[in-house]
Amino acid sequence: MTDLLSIRNLTVTFPTPRGPVDVVRGISFSLGRERLGIVGESGSGKSMTGRSILKLIRPPGRISADEMIFDGIDLIRRSERQMREIRGARISMIMQDPKFSLNPVMTIGEQIAEALTTHNSVTRRDLRNRVLEMLHAVRIHEPARVAGLYPHEVSGGMGQRVMIAMMLIPEPDLLIADEPTSALDVSVQAQVLDIIEELVAGKGMGLILISHDLNLVARYCDRILVMNGGEIVEQCAADALHRAQHPYTRGLLAAIPRMDEDREELPVLDRSAWAAA
Amino acid sequence: MNAVELENVDIAYGPTRVVRDVSFAIAEGESFALVGESGSGKSTILKAISGLAPDWVGTIRVLGKPRGHGPDRSLAKICQMVFQDPYASLHPRRTIDDVLAEPLAIHGIKEQRAKVEAALAAVGLDRRFRFRYPHQLSGGQRQRVAIARALMLEPKILLLDEPTSALDVSVQAEILNLLKKLRREQGLTYLLVTHNLPVVSFLCDRLAVMRHGRIVEIADVDALKAGRLTEPYSLELFQASGGPITAGA
């Protein structure tokens with residue numbers, strides 16, 4: 001299987017008054033048409049990794065990599081203008097909170113249509129049908145009514161489904177979902193992830209799911225990268241997560257309360273344990 | 001005597017009734033959880049108890065005393081609230097010392113300095129944090145400050161509104177351990193609002209499952225741990241939270 005995406009030695013650097021800081025430190029990984037999970041805590045560099053793939057790191061942040069090959073195209077050598085042809089059309093991204101990522105003054109239907117017309121030319125009638133079809137695909141029951149609503153008129157879960165519709169209507173090859181459900185209720189989370197999973201599998205896309213939630217990633221991905229301090233500390237198959245070796249991964253797993261919790265105290269990460277290793 | 005008691009409480013925001021006919025009683029020293037999805041009214045109940053949502057009917061009793069609808073200064077000494085997001089709940093231009101000393105000043109309590117230092121020690125923060133600003137602290141440290149602020153007046157009851165959901169799992173573990181320790185040491189009563197059922201398993205004795213403003217089930221935490229909740233909606237929530245799926249579901 002040829003890789004859809006192959007990244008070698010990716011570094012993201014931000015300048016600070018005390019000199020440049022690498023928030024992602026020379027990581028390498030590749031991705032086929034599969035579901036890859038990236039987990040880590042705040043500041044681990046997982047979101048920066050996701051954004052670098054689309055070169056969405058704003059100055060003064062800088063990206064460097066030996067190569068970042070997506071479907072034969074080396075993204076690292078692409079200009080900003082050339083990147084625009086890829087963003088949305090070939091690789092798209094779902095952000096965390098629909099409240100902040102949807103345009104508040106455009107109806108949902110218009111926004112989804114815009115995502116399509118930016119990259120394709122579509123007749124008006126086709127456009128409307130495609131938008132309604134897409135809303136239907138993300139399990140919105142009255143697509144025609146919802147298309148006419150503004151983002152503040154829908155719930156968080158529905159907003160996130162609208163985001164998914166918008167991101168998937170141009171039929172990209174790779175979807176990056178950065179904490180797509182952490183602003184949502186548990187009961188809605190599963191529904192949104194099921195939709196993502198179903199659409200990704202149905203269209204044979206690649207998926208990168210970025211999350212702080214180890215159990216969630218293990219449930220929805222094939223393979224997992226665990227990041228800490230800008231580095232990949234562990235890679236494993238999702239079903240082998242509970243056999244993880246690295247002290248950081250093991251510490252994270254142990255710190256999560258369980259449904260049948262009977263420990264008097266939760267183990268707390270001893271950050272010196274692997275810093276010394 | 002019950003620490004908190006609600007009888008047939010309805011709470012409204014303007015014309016919208018968000019909580020309907022809710023009754024429950026929390027014994028002194030008990031840790032009680034309200035769980036349910038957003039919009040189910042669980043945070044609104046905390047707001048009504050603390051006085052932030054004054055538009056309610058029914059009876060709310062705190063330590064046996066019926067609660068009025070207006071602001072109540074004496075209530076602040078027995079019942080305090082910790083909010084979800086420590087990034088939003090601390091004043092960005094006040095030092096930790098200001099934040100912690102303010103309740104003491106309002107209630108005319110002396111020996112502020114010693115009390116502030118004792119509170120920092122109780123939540124596991126070093127004294128050097130005293131004159132820092134919230135932006136100089138990590139999320140977990142800020143939540144410790146928010147808990148310390150709630151404990152300044154030595155209340156008997158803490159209302160905890162999703163106290164760990166804005167935090168990383170490793171930090172969440174630290175805060176949960178802290179809450180458990182404080183409850184043990186100071187004999188506190190907790191009313192915890194959360195959507196995270198495993199957190200309930202760790203920290204609480206009983207839970208009430210809410211939906212559309214009503215309580216659908218009140219159960220012991222042992223029933224939760226064993227997956228023996230009876231209402232279909234509670235089980236739905238249980239499974240969505242990663243609980244093992246039992247036969248027939």
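In what follows, chains carry the letters A, B, and so on, assigned in the order in which the sequence lines appear, proteins first and then strands, with residues in each chain numbered from 1.
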Under 4.5 Å from a heavy atom of chain A, the part of B:L176 involved: side chain
Which atoms of B:E37 approach chain A - backbone, side chain, both or neither, heavy atom under 4.5 Å: both
Minimal non-hydrogen separation, B:P198 against A:P257, with atom names: CB-O, 3.2 Å
For the student: nearest non-hydrogen atoms of A:E41 and B:V171, plus distance: OE2-N, 4.4 Å
Residue-level contacts of residues 177-190 of chain B with chain A, using a heavy-atom cutoff under 4.5 Å: B:N177, B:K180, B:R184
Residues from residues 201-218 of chain B approaching chain A under 4.5 Å (heavy atoms): B:S201, B:F202
How long is the straight-line distance from [atom2] of [Y] back to [atom1] of [X], given to the nearest 0.5 Å?
X	Y	atom1	atom2	answer
A:M259	B:N196	CE	CG	8.0 Å
B:S170	A:L253	OG	CG	12.0 Å
A:L266	B:I175	CG	CD1	12.0 Å
A:H212	B:L167	NE2	CG	10.0 Å

Closest-packed option against chain A by number of heavy-atom pairs under 4.5 Å, given B:S138, B:S241, B:G139: B:S241
Heavy-atom contact with chain B under 4.5 Å, split by part of A:E264: both
Proximity breakdown for A:R263 and chain B, heavy-atom pairs closer than 4.5 Å: backbone
